[in-house]
Amino acid sequence: MQWKPEHDAIFLREVLASDLYSTHKGSSERGKIWSQLAEKLNEVSSCKFIVTQKSLRDRLKLLTQKHKQKMRSEKRAMRKKWQNRKMRPKRKKAKAEKESVQKMRLKAMEKLSESQKRKDSNEEARPKKSRKSIDDPAATAESAKTTSRTAETAREASAAITSNHAVHSNPTATTATSNACFV
């Protein structure tokens, strides 16, 4: 008999409906169930069955093996797919790391003259810092006087604050000043 997908579907429905797996393998009860399945399938009119007890057992064994093989291959394919997804970013990171390491090696291995040239080219791109020139000595002296004046005023202010603090912290000094005001 040539098995078609329709035959397999009907056969598997009958196997599920029967109590085939409630009995022990190789027992006489299971043999009876196989022979009942063969009789039911031979009576089906929608698809022509010509089967025996042994042919049904062999077909079920073959279908379970195919199904297990299919599930294993799908599982392997899914595993590979997920591994490839996980590896993609790592590969990109690894490439970037390799490039940066290679640049660092080249910098370390270059000659002193080459590194000076590289630094000089970088400095040309940046604006140079300008220093104040001392062309006019009079302007320099004037700026020095203003800084000394501000320093003197700061000293005077700090001295006034400390003397004020000393007057208020001494109780006898406050009474003497307060008495002087009333006289």
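Numbering starts at 1 and runs along the sequence shown. Heavy atoms only: backbone and side chains are in, while hydrogens, waters and symmetry mates are out.
Two residues are said to be in side-chain contact when any heavy atoms from C-beta on lie closer than 4.5 Å; E43 and F49 fail this criterion. Side-chain contact between Q53 and R57 is present, with heavy atoms from C-beta onward closer than 4.5 Å. A heavy-atom distance below 4.5 Å is not found between the side chains of E29 and K32. Between L60 and W34, the closest side-chain pair of non-hydrogen atoms falls below 4.5 Å.
Applying the salt bridge (charged side-chain N to carboxylate O under 4.0 Å, His left out) rule to K25 yields no partners; only residues at least two apart in sequence or on another chain are considered. Residues meeting the salt bridge (charged side-chain N to carboxylate O under 4.0 Å, His left out) test with R59, sequence neighbours left out: D8.
A 6.0 Å sphere centred on CG of L106 holds more than 12 heavy atoms belonging to other residues, nucleotides or ligands. Summarising the local packing, CD of Q102 is surrounded by 12 or fewer heavy atoms from other residues, nucleotides or ligands at distances under 6.0 Å. Within 6.0 Å of CD in E74 there are more than 12 heavy atoms belonging to other residues, nucleotides or ligands.
Atom NZ of residue K40 and atom OG of residue S35 lie 11.0 Å apart, to the nearest 0.5 angstrom. The distance from atom NZ of K68 to atom CD of Q65, rounded to the nearest 0.5 Å, is 8.0 Å. L12 contributes atom CG, which lies 5.5 Å from atom CG of L63 (distance to the nearest 0.5 angstrom). Atom-to-atom distance recorded for H67:NE2 and R72:CZ is 10.5 Å, nearest 0.5 angstrom.
Summarising the geometry of L20 relative to V15, their closest heavy-atom pair is CD2-CG1, 4.0 Å, with the distance given to 0.1 Å. Nearest heavy atoms, L41 versus E14: CD2-CG, 3.8 Å. In terms of heavy atoms, T52 sits closest to A38 at C-CB, 4.0 Å. Contact record, V51 with W3: CG1-CZ2, 3.8 Å, taken as the closest heavy-atom pair. Summarising the geometry of H7 relative to K48, their closest heavy-atom pair is NE2-O, 3.1 Å, with the distance given to 0.1 Å.
If you chain together hydrophobic residues whose side chains sit under 4.5 Å apart, L62 and F11 never meet in one group.
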